[in-house]
Every structure is written in C-alpha cells, then in structure tokens.
> 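Please see the structure below; I have some questions.
Excluded from the calculations below are hydrogen atoms, water molecules and symmetry mates; all remaining heavy atoms, backbone and side chain alike, are included.
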Amino acid sequence: AQPQYEVAFSESLNADIPKDFFSGKYVILDFWQTWCAPCIASFEETSELIAKYNSEEIVFANITNETTKIDRIKRILDMNPFDGYQLIDANNQTFTQFKVMAFPTVVILDKTGALLWRGFPRNLNEALILEKTGIAPSLHPTNNNKEKKDGNNDESSKKIKMDGLGFMSGFELSSST
C-alpha cells in the first residue's frame, strides 16, 4: 500500500483556509525556498496552470519552511505572484514527510493523499496533470484558492524581479524557456 501524505502547515499567507483544505482533492504542492531562483521563476507558469485547472477537485499550493524570512517571502510573492495557497511549514512536517532535499520540487497527490508524481516544476504541464488526475483544463475555471490581487497584469510582471531582496540586486531573470 502506498503511503498517505498530509499537507501540514503552520500558516497560510494569502487565505484563511482549514488545515484539511486538501481532503478529498488532488493537490499540486510546490516546495520552494527564497534563495532558489528556479523556484521563483516557476511561479508564473504554475499560476497559468492554476488558472486552467483550479476547481473543486484540484488545488495548488506552494510551501516553504523558512520561518525567519516571512518579510522576504512576502516581498518575493508580491513581485512574483503565485495564485495558489501560500503556506509556511514551521515545524518541517511536510518537508520531512516528503523528504525534500532539492529545490524546486513539486508533487501531485491523489484525493486520498497518495503520491502520484514527484518532479520539477518545469515538467509540470497540462498533459501530466490530465494523465495523473484525469482532469482536463476548465474553459471557465473558478479560482477557489483565493481572489487574485489587483494589478500585476502589466508586461513587467512577467519577469522574475529580484531587486530589494538582498540578492542579485539589479537583475531581472526572464521566466521564459
């Protein structure tokens, strides 16, 4: 029998959600760190998938265990929006369960919490989600994770902005491949 995972978190930065938000749903969980440029670069593409797939059956979340860097996390997420739940794993429960050793790492869980797929965000796409969940993209998705923030629809929001974060100051990394 396959192990059943739970998504444990101490705080949600962008929505008031119950601790069992994942119960009975497919979950796409993105593990990230503030120092990881590829992690941050993946947020835009994952948010595009969220817009297509977010429904009553599938939820997206990112999670970090960097509890001493909340201000930095919020600045990164303000400049590089991730439209799913934004979670903090203060006790490392979820990171330990999944034995996360490399970043970025993404997992897909089925409705019972069984691991369906583990890999890198660059490999997460519509075909993989359809294969693992049987769910096709919605033509009229509902965003049940959270309301989108106003703004950030201009062309500059399509670049990974690092200014003011204490690293790579003055650089912008394009997220296009």
Side-chain angles (χ1 to χ4, degrees), residues 1-34 36 39-40 42-67 69-74 76-78 80-100 103-121 123-126 128-150 152:
Q2 210 171 25
Q4 305 302 298
Y5 294 94
E6 289 190 8
V7 180
F9 62 99
S10 54
E11 181 179 358
S12 172
L13 297 178
N14 65 333
D16 185 21
I17 57 174
K19 294 289 184 183
D20 65 345
F21 75 93
F22 54 86
S23 182
K25 299 177 182 187
Y26 289 99
V27 177
I28 297 180
L29 186 61
D30 184 353
F31 294 88
W32 75 288
Q33 300 285 295
T34 58
C36 174
C39 297
I40 297 164
S42 72
F43 292 170
E44 181 179 357
E45 289 176 14
T46 303
S47 287
E48 290 171 9
L49 290 171
I50 292 169
K52 293 177 182 179
Y53 284 92
N54 192 34
S55 70
E56 292 295 326
E57 292 185 84
I58 188 167
V59 294
F60 291 75
N62 72 12
I63 190 164
T64 184
N65 60 355
E66 295 178 288
T67 58
K69 299 178 179 178
I70 300 299
D71 289 339
R72 187 175 190 170
I73 291 166
K74 288 178 179 178
I76 289 170
L77 292 169
D78 283 345
N80 305 281
F82 177 89
D83 291 334
Y85 294 131
Q86 301 164 5
L87 308 176
I88 305 292
D89 181 13
N91 300 317
N92 279 318
Q93 289 176 283
T94 302
F95 277 72
T96 301
Q97 255 188 112
F98 287 95
K99 298 179 174 109
V100 176
F103 298 96
T105 294
V106 174
V107 297
I108 299 176
L109 304 178
D110 75 5
K111 292 181 177 187
T112 69
L115 182 66
L116 296 175
W117 180 81
R118 179 184 185 122
F120 297 106
N123 298 326
L124 182 65
N125 56 44
E126 291 181 32
L128 179 68
I129 293 171
L130 179 61
E131 174 191 336
K132 297 300 179 185
T133 68
I135 298 173
S138 173
L139 297 176
H140 305 286
T142 58
N143 193 338
N144 292 319
N145 281 347
K146 68 176 193 71
E147 293 296 316
K148 288 184 86 167
K149 293 181 181 178
D150 292 333
N152 277 341

> Is a side-chain donor or acceptor of Thr34 paired with a backbone partner of Ile73 at a separation under 3.5 angstrom?
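Not at all, since once roles are kept as given, no pair shorter than 3.5 Å links the two residues.
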> Between Gln97 and Glu6, is there a donor-acceptor pair closer than 3.5 Å when you use the side chain of the first and the backbone of the second?
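Yes; judged by distance alone, with no hydrogens or angles, the pair exists.
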> To the closest 0.5 Å, what do you measure between OG (Ser12) and CD1 (Ile63)?
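It comes to 10.0 Å.
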> Can you check whether Glu126's main-chain N or O pairs, donor with acceptor, with Tyr53's side chain at less than 3.5 Å?
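Yes: the side chain of Tyr53 pairs with the backbone of Glu126.
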> Please determine whether the number of non-hydrogen atoms from other residues, nucleotides or ligands lying under 6.0 Å from atom CD of Gln33 exceeds 12.
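Result for CD/Gln33: enclosed.
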> So, do Leu13 and Phe82 sit near enough that their side-chain heavy atoms are less than 4.5 Å apart?
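No. Closest side-chain heavy atoms not under 4.5 Å.
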> Just verifying a value: how many Å separate Phe43 CZ and Ile50 CD1, rounded to the nearest 0.5 Å?
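If I round to the nearest 0.5 Å, the distance is 10.0 Å.
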> If you round to the nearest 0.5 Å, how far is OG of Ser42 from CG of Leu49?
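One finds 10.5 Å between CG of Leu49 and OG of Ser42.
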> With a 4.5 Å heavy-atom cut-off, do Asn65 and Phe31 have their side chains touching?
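Answer no - side chains too far apart.
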> When you measure from the side chain of Asn91 to the backbone of Gln93, do you find a donor-acceptor pair of N or O atoms at a distance under 3.5 Å?
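No; judged by distance alone, with no hydrogens or angles, the pair does not exist.
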> Does the side chain of Trp117 come within less than 4.5 Å of Glu131's, by heavy atoms?
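The answer is no; the side chains never approach within 4.5 Å.
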> Taking atom CG of Asn62 and atom CG of Leu87, what is their separation to the nearest 0.5 Å?
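Going from CG on Asn62 over to CG on Leu87, the span is 7.0 Å.
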> Looking at CD1 of Ile40 and CG of Asn80, how far apart are the two atoms once the value is rounded to the nearest 0.5 Å?
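Those atoms lie 6.0 Å apart.
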> Nearest 0.5 Å, what's the CG-NZ distance between Leu109 and Lys132?
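Going from CG on Leu109 over to NZ on Lys132, the span is 12.5 Å.
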> Between Phe9 and Lys19, is any pair of side-chain heavy atoms under 4.5 Å apart?
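Phe9 vs Lys19: side chains touch.
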> Within a strict 4.5 Å, meaning less than it, do heavy atoms of the Thr96 and Asp89 side chains meet?
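No, every pair of side-chain atoms sits at 4.5 Å or beyond.
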> Please name the residue in the list Ile58, Val27, Ile28 that meets the side chain to side chain contact (heavy atoms under 4.5 Å, CB included) test with Ile108.
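Between Ile108 and the candidates, side chain to side chain contact (heavy atoms under 4.5 Å, CB included) is satisfied uniquely by Ile28.
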> Between the side chain of Arg118 and the main-chain N/O of Phe98, is any donor-acceptor distance below 3.5 Å?
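Checking the backbone N and O of Phe98 against the side chain of Arg118, a donor-acceptor pair under 3.5 Å is found.
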> Would you call Pro121 and Pro104 a side-chain contact if the rule is heavy atoms closer than 4.5 Å?
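In contact.
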> Does the side chain of Tyr5 reach to within under 4.5 Å of the side chain of Val107, using non-hydrogen atoms?
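A side-chain contact under 4.5 Å is absent here.
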> Is the side chain of Asn14 donor-acceptor paired with the backbone N or O of Gln86 at a distance under 3.5 Å, no angle test?
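Looks like yes, one N/O pair under 3.5 Å.
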> Are Val7 and Tyr85 close enough that some pair of their side-chain heavy atoms sits under 4.5 Å apart?
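No, side chains not in contact.
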